[in-house]
**Q** 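Right, I'll just put the structure down here and ask away after.
For clarity, every value in this text was computed on a predicted model and none was experimentally measured. Residue numbering restarts at 1 for every chain, and letters A, B, ... go by the order of the sequence lines.
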Amino acid sequence: MTRFAPSPTGYMHIGGLYQALVDCKLAQQTGGVFMLRIEDTDTKREVADAVKIIEDSMHRFGLQYNKDEKYAPYYQSKRKDIYHSVAADLLARGLAYPCFLTAEDMEKIRENQKAAGFATGIYGEFARDRNLTEEEIIAHLDNGEVPTIRLYSMGNPENRIFCKDAVRGSIGFPENNEDIVLIKSNDGLPTYHFAHLCDDHFMRTTHVVRGEEWLPSFPLHVQLFRMMGWQTPMYIHTSTIDKIDSETGKQRKLSKRHDPEANVAFFLADGWPTEAVLEYLGNIAASGYEEAKMKGQVKSIWEYEMRPKKISMSGALFDMKKLEWWAKEFIASLPVDELVKRVRDWADEYDAVWAARIADKPEYLKNILAIERDNPKRIRKDFITWKQTLQEVAYFWDDLFVPNTEYVYNKDVLSAFLETFNVSDDKDTWWNKIVAIATEKGVKNGDVAMNLRVALTGRTNTPDLYSIMHVMGEEKVIERIKGAING
RNA sequence: GGUCCCAUCGUCUAGCGGUUAGGACGUCAGAUUCUCAUUCUGAAAACACGGGUUCGAUUCCCGUUGGGACUGCCA
C-alpha cells in the first residue's frame, strides 16, 4: 500500500511525478494498492482546480491510483474528526497539551533563541504552556483564546534515535525534543507531521515515498509512531531532481518559480510523449531499466522491477538531451496511425490553428508522417515532441512555407527538372532523370537534389525528396519550383 | 550556526576488497545516404582530497573539501 500525497497548490512538480511513479510502480509490481491523498491542511495555500490538475496529470501519465474505495482520493480536510480523536487521546494520556502562545510570542522566542545561539523552536524551558494547570487552561479558554495542540515531547537530544530508510539504511539523529504543533489553532486542521502519522497508520500505508526534504523530520515521525505504539511504515526518501542555476552556477532543485520544466504541465503543453517522460524518470529510479529495454527484455517501465534499495540517493541533474533521446526513440517506435493520432490529440488541445489545418486534410498529415517509416530499422528520428513534429513538417503547408531567400538556385537545373517531371514516375525513373540532368548541366547529382530540396521546402535538410514530392503532389511541386525560378 | 543527506566520465549511472572501472545520453572521427535524420565502426572522457584498516582499496572507517536539504500554527 503506497500513496502519493501532494498538497493542492495548483501545480504538479516534476519531482512529484517522479515520486508518484515510484509509488505507483511499487504498488503495481507487488499487486498492492496505490492511493492518492490530498494534503489540503493549509487553507491559506488552497488553489481552485488544484486537485483536478493533479488527477489529470496522473491520468495522462498513466499513474492510476485505486479508485474502487469510497475515499479515493482522500482529502485530509475531510478527515478532521480522525485527527481530533487521536489528539484527544494524546491529550488524555498527557502526551499532548494545549498551548496558548501567540504568533508574536513565538516570534519573540525565536529572536531571543537566535541571539543567544540556541536552536529555535518550542522545547524544554521555552515551552511556556507545557505544564499548565487545569485552572490556567480554563482561564485562557475563558479569555477566548484558541489553543494549538502541541506534542509533549519526551525526546532528549542527548540520545540518538535510529531511523530506517529503505534506500539509505539506518540514519542516526539526536532525539526530537520540540513540542511541535499537532493541531493548528487557526483552522483546527492538523499539521503535516500529525496528519501523515494518522493517515498512514489508518490507511495501512506500508511504504512512504517522499522527497528527501523530509529527512530532517524523520526522527520526529519515528518518535510519533513509537509513541502511538503503531508500526512505522517503510520510508523511501527520494532525491531531488536538480539543475544548474544559470546565475550562480550551482546545483539546485528544479524550481517552480524559475524553471518551466519543473512543471509537468510544461511537458504536456509542449507535447512531450508522456511515456518518454515516464521512462526518463523511471530510469533515474531504476537505472537498469534502460539496458533491459535496449536488450528487449522489457517493453516498458511497467515490466521492469524497481527495487527500493537501488533507487538513486544523489540528486540527479535533469538532462533534457537524454529526455529528447527517450522521446525520439518512443516516437520512432509508434505505428504511423498512432503517431498521427497523438499529434492530432495534441493539436486539438493546445493549438487550434494546427488542429484546423489537420482537420482540413487528415490524410495529408498521415502521408507526411509516413515518410521513411516503412523500414523498422531505419525510421527517422527527428521528431521529439508532437509540437515540434508539426513544426518540422510545416513546409508542407503553403501558409507556413518559407521560401529560402539565401540559397542561390541553379535555375537551369530547376527548369530542366520541370520539363521532365512526372509524378507517376517510380523512384528509379525519377532518380535517373536527376542523374541525367546533372550530367547534362555538368553538376553533381547531389546539387540537383539540393536545388529541388530548397525550392520545395525552403530547407537544406529534409527527409527523402522523392517521398516529399509524392506527398506534396504534382501541382504544389511545380508551383514551388516555378516560384524558385521566378523568385 | 546546528542537524542530516550526498560525492565514479560533461550528464544519468553499473560496481558492493583484487575489474583493461562497464553501459547509456551527449561530444568527436569514419563509413553509408540525394541533404539531414537513421544505421554501422571507432575515439576521447571518471573513482574530489588526505589519513587509516588490509597483502591489496573506487569499494570499509575517520577527517577535509564540495554540493544539497531542513531549522514555520507550509507541506
**Q** Select from A:K321 and A:N461 the residue whose nearest nucleotide in RNA chain B is closer to the 5' end of that strand.
**A** A:K321
**Q** Rounding to an integer number of angstrom, what distance separates B:U8 and B:U41 when you compare their C1' atoms?
**A**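 Here B:U8 and B:U41 have their C1' atoms 27 Å from each other.
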**Q** Indicate yes or no: does A:E338 engage A:R342 in a salt bridge with an N to O separation below 4.0 Å.
**A** yes
**Q** How would you label the contact of A:T9 with the nucleic acid (heavy atoms, under 4.0 Å): base, sugar-phosphate, or nothing?
**A**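 The residue A:T9 makes no contact with any strand.
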**Q** Grab the CD-P distance between A:E329 and B:U38 for me, whole Å please.
**A** 9 Å
**Q** NA contact type, A:R168, heavy-atom cut-off 4.0 Å: base, sugar-phosphate, or nothing?
**A**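 The residue A:R168 makes sugar-phosphate contact but no base contact.
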**Q** Can you say whether the rings of A:H13 and A:Y11 are parallel (under 30°), tilted (30 to 60°) or perpendicular (over 60°)?
**A**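 Correct class here is tilted.
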**Q** In whole Å, I'd like the distance from the CD1 atom of A:I284 to the P atom of B:C25.
**A**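 In whole Å, B:C25 P and A:I284 CD1 are 16 Å from each other.
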**Q** Taking B:C61 as the reference, what is the distance to B:U54 when you measure between their C1' atoms (whole Å, please)?
**A** 12 Å
**Q** Can you work out whether A:F118 or A:W430 has the more 5'-proximal nearest nucleotide on RNA chain B?
**A**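 The 5'-side residue here is A:F118.
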**Q** Suppose we screen for salt bridge (charged side-chain N to carboxylate O under 4.0 Å, His left out). Which residues come up paired with A:R168, at least two apart in sequence or across chains?
**A**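 So A:R168 forms a salt bridge (charged side-chain N to carboxylate O under 4.0 Å, His left out) with A:E212.
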**Q** Need one value for A:I379: base, sugar-phosphate or nothing, where a base atom within 4.0 Å counts as base even if backbone is also close, heavy atoms only.
**A** sugar-phosphate
**Q** Rounded to whole Å, how long is the line connecting atom CZ of A:F318 with atom C1' of B:U13?
**A** 16 Å
**Q** Atom NE2 of A:H237 to atom C1' of B:C5: distance rounded to whole Å?
**A**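 A:H237 atom NE2 is separated from B:C5 atom C1' by 10 Å.
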**Q** If B:G50 has a Watson-Crick or G-U wobble mate with both distances under 3.5 Å, name it; if not, just say none.
**A**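 Pairing partner: B:C62.
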**Q** Taking only side-chain N and O atoms of A:S314, does any of them lie within less than 4.0 angstrom of OP1 or OP2 on B:A7?
**A**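 Indeed not, no polar side-chain atom of A:S314 lies that close.
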**Q** Which residue pairs pass the side-chain hydrogen bond (donor to acceptor under 3.5 Å, both in side chains) test with at least one member in residues 437-452 of chain A, sequence neighbours excluded?
**A**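 For residues 437-452 of chain A: none.
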**Q** Tell me which nucleotide among B:A14, B:U11, B:U35 gets nearest to the side chain of A:M450.
**A** B:U35
**Q** Got a sec, which residues hit ring-ring contact (aromatic ring centres under 6.0 Å, His included) with A:Y235, two or more places apart in sequence or on another chain?
**A** A:F218, A:H237
**Q** Can you give one letter per nucleotide of nucleotides 62-75 of chain B, 5' to 3': B if a protein heavy atom sits under 4.0 Å from the base, S if only from the sugar-phosphate, - if neither?
**A** -----SSSSSSBBB
**Q** Which nucleotide in the list B:C5, B:U11, B:U39 gets nearest to the side chain of A:K381?
**A**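 For the A:K381 side chain, the nearest candidate turns out to be B:U39.
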**Q** Could you please name the option among B:U13, B:A7, B:G26 that lies closest to any side-chain atom of A:S287?
**A** B:U13
**Q** In whole Å, I'd like the distance from the CG atom of A:D382 to the C1' atom of B:U39.
**A** 14 Å
**Q** Checking contacts here: which listed nucleotide (B:A7, B:G26, B:U3) is nearest the side-chain heavy atoms of A:P174?
**A** B:U3
**Q** Provide the distance between the two P atoms, one in B:C60 and one in B:A43, to the nearest whole Å.
**A**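 Taking atom P in both B:C60 and B:A43, they lie 31 Å apart.
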**Q** Just name whichever nucleotide pairs with B:G18, Watson-Crick or G-U, keeping both distances under 3.5 Å, else none.
**A**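 Across all strands, the one nucleotide that pairs with B:G18 is B:C55.
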**Q** If the threshold is 4.0 Å, N to carboxylate O, is there a salt bridge linking A:D23 and A:R3?
**A**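 So A:D23 does not pair with A:R3 through a salt bridge.
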**Q** Over all strands shown, is A:G172 touching base, sugar-phosphate only, or nothing at heavy-atom distances under 4.0 angstrom?
**A** sugar-phosphate
**Q** What's the gap between B:A69 and B:A29 when it is taken at their P atoms, as a whole Å value?
**A** 39 Å
**Q** B:C36 P sits how many Å from A:Q391 CD, rounded?
**A** 22 Å
**Q** Return the nearest nucleotide to the side chain of A:I171; candidates are B:C6, B:U38, B:C4.
**A**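 Selected nucleotide (nearest to the side chain): B:C4.
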**Q** Using the C1' atom in both, what is the distance from B:C9 to B:C4, to the nearest Å?
**A**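 Approximately 29 Å lies between the C1' atom of B:C9 and that of B:C4.
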**Q** Heavy atoms from C-beta onward define the side chain here; which of B:C25, B:A7, B:A14 lies closest to that of A:D319?
**A** B:C25
**Q** Using a cut-off of 4.0 Å on non-hydrogen atoms, how would the nucleic acid contact of A:R160 be classed: base, sugar-phosphate, or nothing?
**A**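 Counting heavy atoms under 4.0 Å across all strands, the contact made by A:R160 is with sugar-phosphate only.
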**Q** Does B:C4 pair with anything, Watson-Crick or G-U wobble, both distances under 3.5 Å, and if so, with which nucleotide?
**A** B:G68
**Q** Provide the Watson-Crick or G-U wobble partner of B:A31, both distances under 3.5 Å; none if there is no partner.
**A** B:U39
**Q** Is A:R252 salt-bridged to A:D242, cutoff N-O under 4.0 Å?
**A**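 Salt bridge: no.
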**Q** Hey, would you say the A:H221 and A:F225 ring centroids sit under 6.0 Å apart?
**A**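 No, the ring centres sit 6.0 Å or more apart.
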**Q** Just list the side-chain donor-acceptor pairs under 3.5 Å for residues 303-313 of chain A, sequence neighbours left out, or say none.
**A**
{"from": "A:E303", "atom 1": "OE1", "to": "A:K299", "atom 2": "N", "distance (Å)": "2.9"}
{"from": "A:S312", "atom 1": "OG", "to": "A:S314", "atom 2": "O", "distance (Å)": "3.3"}

**Q** In whole Å, I'd like the distance from the CZ atom of A:F383 to the P atom of B:A37.
**A** 14 Å
**Q** Taking atom C1' in both B:G63 and B:A46, compute the distance separating them and give it to the nearest angstrom.
**A**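 Between the two C1' atoms, the distance is 24 Å.
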**Q** Quick one: is B:G15 close enough that its OP1 or OP2 comes under 4.0 Å of any side-chain N or O from A:K310?
**A** yes
**Q** With both distances under 3.5 angstrom, what nucleotide forms a Watson-Crick or G-U wobble pair with B:C25?
**A** B:G10
**Q** What's the CG-C1' distance between A:N159 and B:U3, to the nearest Å?
**A** 16 Å
**Q** Is it true that A:D319 and A:K321 make a salt bridge, defined as a side-chain N closer than 4.0 Å to a carboxylate O?
**A** no
**Q** Which pairs with one or both residues in residues 150-160 of chain A pass side-chain hydrogen bond (donor to acceptor under 3.5 Å, both in side chains), sequence neighbours excluded?
**A**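 Every side-chain hydrogen bond (donor to acceptor under 3.5 Å, both in side chains) pair that includes a residue of residues 150-160 of chain A, provided the two are not neighbours, is A:N131-A:Y152, A:S153-A:Q223.
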**Q** Could you tell me how far B:C6 sits from B:G22 if I compare only their P atoms? Round to whole Å.
**A**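 My reading of the P atoms in B:G22 and B:C6 gives 26 Å.
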**Q** Could you tell me how far B:C49 sits from B:G42 if I compare only their P atoms? Round to whole Å.
**A**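 Taking atom P in both B:G42 and B:C49, they lie 31 Å apart.
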**Q** For the side chain of A:E372, starting at C-beta, report the closest nucleotide among B:C6, B:A37, B:C12.
**A** B:A37
**Q** Any donor-acceptor pair under 3.5 Å between the side chain of A:R380 and the base of B:C36?
**A** yes
